[in-house]
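Read the structure below first, then the notes.
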Number of protein chains: 2
Amino acid sequence: MPNSPPFDRARFEQPSLTVDVVVFAMREAAINLLVIERGIPPFEGRWALPGGFVVPSETVERAAARELEEETGLTGVYLEQLYTFSAPDRDPRGRVVSVAHMALLPADRIDAVRGGSDARRAEWVAIPEAIEKVEPAGLPAPGARSRKKLDAREPHFAFDHDVIVATALARLRGKLESTTLAFQLLPEEFTLTEAQRVYEAILGRAIDKVTFRRRLTQLELVEETPRMRRGAHRPARLYRAAPRDSVWI
Amino acid sequence: MPNSPPFDRARFEQPSLTVDVVVFAMREAAINLLVIERGIPPFEGRWALPGGFVVPSETVERAAARELEEETGLTGVYLEQLYTFSAPDRDPRGRVVSVAHMALLPADRIDAVRGGSDARRAEWVAIPEAIEKVEPAGLPAPGARSRKKLDAREPHFAFDHDVIVATALARLRGKLESTTLAFQLLPEEFTLTEAQRVYEAILGRAIDKVTFRRRLTQLELVEETPRMRRGAHRPARLYRAAPRDSVWI
DNA sequence: TGACTTAGTTGCTATCTGCAACTAAGATCC
DNA sequence: GGATCTTAGTTGCAGATAGCAACTAAGTCA
């Protein structure tokens, strides 16, 4: 940063700065992803992430929240900055650096998503399995190296958005066990089984019921409510996330 | 990101893009930080992080490596992207968005640092204790909120570099227990006690010797060498980091 | 009424953790 | 050259934790 003379920013052309948002939500016991189908080239017909240009007066986080609202109507969701993607050739139209963000939407708000102001369609899709292979061994940031792209036969995503999604998924997994981030994907009140399904969907493996419940209650991550979830079988107690200063355990 | 019409990047002025690098190394059993004293306003006389502008043909990671080499002579060190800082007022001279990086230097290379090409002095300093307070409860990225700055009575750092350092420290701590990142701060060959000192310095608390050694050996994170470190007392076995695909455990 | 499904608990064992106390191998001092 | 000091490294144990199986509980549905 500016340890440099006066302020010769015009020495060379500066890249454009954009934001992209990976929105995750639980749908049908699986983790889903919000995409927008591109209507114009380049990458016409492919899935792209909500996002857009950063305007001069706002932070990138604010830009991500604004673009998310403009394109999907979502407000007040958990949003965190993820990683900055800057490969010179990531956009065929010119030099664009994008700061990717991750947003988590509670399952009961999944239908609150509406099309954007310019009438493009937002859509929930399951995470393509090939995404798993994009990630080199769960490592979030291997220095200057770039990630492997999705197989060309199944070109789901526009630009490098497959890599962005893979990075978001790795971040979500990594934070799952050391934070209470998972609660951001649940409604205000939820059963412990519902919470367990979220963990299982994200980690991609079964978790022992006893161990899971022990942890949540012993670490006081949840608190009982007087209410029950009634359904086809034995009613389940409803819990809510315990109030705490931070999402970290 | 580009879900937008043709490519109207000129709709508004785009910010300048820079990189900053937080370099950590162990020195005298404490974790130290590489700073450069600013010789000109703004923030004349304050500490600043190595860094500079991103040129059009390179990624931000490459820019960070290049600036680090230009200003300190360091090459081939562990470098990872950290976080992007974008508060509109973070640089009084204009809109500058900076992608911060974290670098880890092995203890035996600490004297390899030389002054920059423009003769500014690079210097190792202990982490100011006030940095701890900058971090709100160890949370790496609280959405759009900005962090508390260092107390104005002790204005160590230029720009928002205090916040960047606090973020880097939090990241290093967070990754310490789930990755083998700490080995990046050690020489090729090291004793288990030396490794323990690194963990203790970063975590800021004592670790049980038996537990520490058990973990390192049982998880096969280290392997014995035939050599010993000879010193004032009983010689200690030298180990090296076990070869693995990734830094994650 | 009985089978089925999901909710939630109990009890055991293997493993892991933190702590104290021990032994080992050098240097140093007299 | 032996007592003492310091750092290296091990042993042993008690309490906490995790994983697994089996159990009970409470509803629906035929």
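Numbers restart at 1 for each chain; the letters A, B, ... are given by sequence-line order, proteins then strands.
Look at CZ on A/R237: it is 11 Å from C1' on C/dA7, rounded to the nearest Å. A straight line from CD of B/E194 to P of D/dA8 spans 8 Å, rounded to a whole angstrom. Following rounding to the nearest Å, A/R205 (CZ) and D/dC20 (C1') show an atom-to-atom distance of 15 Å. For A/D208 and C/dG11, the CG to C1' distance is 13 Å, given to the nearest whole Å. Taking atom CD1 of residue B/I207 and atom P of nucleotide C/dG18, one finds them 10 Å apart after rounding to whole Å. Atom CZ in B/R227 sits roughly 19 Å away from atom C1' in D/dA8 (whole-Å rounding). Regarding A/F212, its CZ atom lies at a distance of 14 Å from the C1' atom of C/dG8, rounded to whole Å. B/K209 places its NZ atom 10 Å from the C1' atom of C/dC22, with the value rounded to the nearest Å.
If you find the closest nucleotide of DNA chain C to B/V210 and to B/Q218, the one lying nearer the 5' end belongs to B/Q218.
A distance-only check finds no donor-acceptor pair linking the side chain of A/T72 to the backbone of A/E69 [under 3.5 Å].
Distance from the side chain of A/R213 is smallest to C/dA7 among C/dA7, D/dG9, D/dA18. The side chain of B/R214 approaches C/dT17 more closely than any other nucleotide in the set C/dG8, D/dA8, C/dT17.
Taking side-chain N and O atoms only, A/R229 has no distance below 4.0 Å to OP1 or OP2 of C/dT6. OP1 or OP2 of C/dT17 has not a single side-chain nitrogen or oxygen of B/T211 nearer than 4.0 Å.
The aromatic rings of A/W47 and A/F157 sit perpendicular to each other, their planes meeting at more than 60°, with 30° as the lower class boundary. Ring geometry, A/F212 versus A/Y199: the interplanar angle exceeds 60°, so the pair is classed perpendicular (tilted spans 30 to 60°).
Under 4.0 Å is where a charged nitrogen must lie from a carboxylate oxygen, and between A/R197 and A/E194 no such pair does.
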Identify each atom pair where a protein N or O and an N or O of nucleotides 26-30 of chain C are less than 3.5 Å apart, giving names and distance.
{"from": "C/dG26", "atom 1": "N2", "to": "B/H233", "atom 2": "ND1", "distance (Å)": "3.2"}
{"from": "C/dA27", "atom 1": "O4'", "to": "B/A232", "atom 2": "O", "distance (Å)": "2.5"}

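Contacts of A/T193 with the nucleic acid, taken as non-hydrogen atoms under 4.0 Å apart, involve only primed sugar atoms and P, OP1 or OP2.
B/H161 and B/A48 make their closest contact through ND1-CA, 3.6 Å (heavy atoms, listed as atom of the first residue, atom of the second, distance).
Around the CD atom of A/E188, the shell of radius 6.0 Å holds no more than 12 heavy atoms that belong to other residues, nucleotides or ligands.
Counting heavy atoms from C-beta on, the side chains of B/E61 and A/S86 come closer than 4.5 Å.
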